[in-house]
K.L.:
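Structure incoming, see below.
All of these numbers come straight from a predicted model, not from anything done at the bench. By convention here, the first residue in the shown sequence is residue 1.
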Amino acid sequence: MAKEILQISIIFMIFIGLFLVTMQIVSARNLKKTKEKIKALQEALKPGVEVMLLGGIYGKLVKLDKDTALIEIADNTEIKVDRSSIQAIVKN
């Protein structure tokens, strides 16, 4: 009886281990894809491009620095935001 329980426990542990390894691989692949998308977005940013910020604010990119961006959201209204808060480039 104890031997059967030990065998079942070992098999169960093997399945858990395989599941964890599979989840780690899937997670790593998704993280890599996300990083590639973010890098492509940051490289495509240039003044004059329409962008959408994380909060859903739309505007035109006026100035781009290393860590910040200046976004015109209305006539004579500009806001300074962190570059990472730019979620997408709006296609016209």
K.L.:
Count the heavy atoms of every other residue, nucleotide or ligand shown that sit under 6.0 Å from CD of Glu4, and state whether that count exceeds 12.
P.N.:
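Open.
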
K.L.:
If you group Ile, Leu, Val, Met, Phe, Trp and Tyr by side-chain heavy-atom gaps below 4.5 Å, do Ile71 and Met52 land in one group?
P.N.:
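Per the 4.5 Å side-chain linkage, Ile71 and Met52 are not co-clustered.
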
K.L.:
Could you go through Val81 and Ile57, starting from their C-alpha distance and side-chain angles, then the distance that decides it, and tell me whether this counts as side chain to side chain contact (heavy atoms under 4.5 Å, CB included)?
P.N.:
CA-CA 11 Å; Val81 298; Ile57 299 172; over 6 Å; no

K.L.:
Determine the minimum heavy-atom distance between Ala69 and Leu64, stating which atoms define it.
P.N.:
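Looking at all heavy atoms of both residues, the shortest contact is CB-CD1, 3.8 Å.
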
K.L.:
Are the side chain of Thr68 and the backbone of Asp65 linked by a donor-acceptor contact shorter than 3.5 Å?
P.N.:
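Such a contact is absent between Thr68 side chain and Asp65 backbone.
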
K.L.:
Can you name the closest pair of heavy atoms from Ser84 and Leu54 and give their distance?
P.N.:
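That closest heavy-atom pairing would be O-CD1, 4.0 Å.
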
K.L.:
What about Ile86 and Ile89, same hydrophobic cluster or not, with Ile/Leu/Val/Met/Phe/Trp/Tyr joined at side-chain heavy-atom distances under 4.5 Å?
P.N.:
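Per the 4.5 Å side-chain linkage, Ile86 and Ile89 are co-clustered.
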
K.L.:
How long is the gap from CD1 on Ile38 to CG on Leu41, to the nearest 0.5 Å?
P.N.:
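So the CD1 of Ile38 and the CG of Leu41 are separated by 8.0 Å.
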
K.L.:
Where do Val49 and Ala44 come nearest, in terms of heavy atoms and distance?
P.N.:
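In terms of heavy atoms, the two residues are closest at CG2-O, 4.5 Å.
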
K.L.:
Could you state the interatomic distance from NZ (Lys35) to CG (Asn30), rounded to the nearest 0.5 Å?
P.N.:
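Rounded to the nearest 0.5 Å, the NZ-CG separation comes to 12.5 Å.
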
K.L.:
Working to the nearest 0.5 Å, report the span between CE of Met13 and CG of Leu18.
P.N.:
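That separation rounds to 13.0 Å.
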
K.L.:
Within this structure, what is the CD-NZ distance for the pair Glu78 and Lys60, rounded to the nearest 0.5 Å?
P.N.:
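Here the rounded value is 11.5 Å.
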
K.L.:
Show your working on side chain to side chain contact (heavy atoms under 4.5 Å, CB included) between Val51 and Val90 and close with a plain yes or no.
P.N.:
CA-CA 5 Å; Val51 296; Val90 180; 5.6 Å; no

K.L.:
Nearest 0.5 Å, please: how far is CD1 in Ile11 from CD in Gln7?
P.N.:
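Gln7 atom CD to Ile11 atom CD1 measures 6.5 Å (nearest 0.5 Å).
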
K.L.:
Looking at Arg83 and Leu45, what are the two nearest heavy atoms and their distance?
P.N.:
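Nearest heavy atoms, Arg83 then Leu45: NH2-CD1, 4.3 Å.
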
K.L.:
Do you reckon Phe12 sits in the same ILVMFWY cluster as Phe19, going by side-chain contacts under 4.5 Å, direct or chained?
P.N.:
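Shared cluster, yes.
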
K.L.:
Using a 3.5 Å distance criterion without hydrogens, assess whether the side chain of Thr34 forms a donor-acceptor pair with backbone atoms of Lys32.
P.N.:
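Side chain of Thr34 to backbone of Lys32: no pair is present.
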
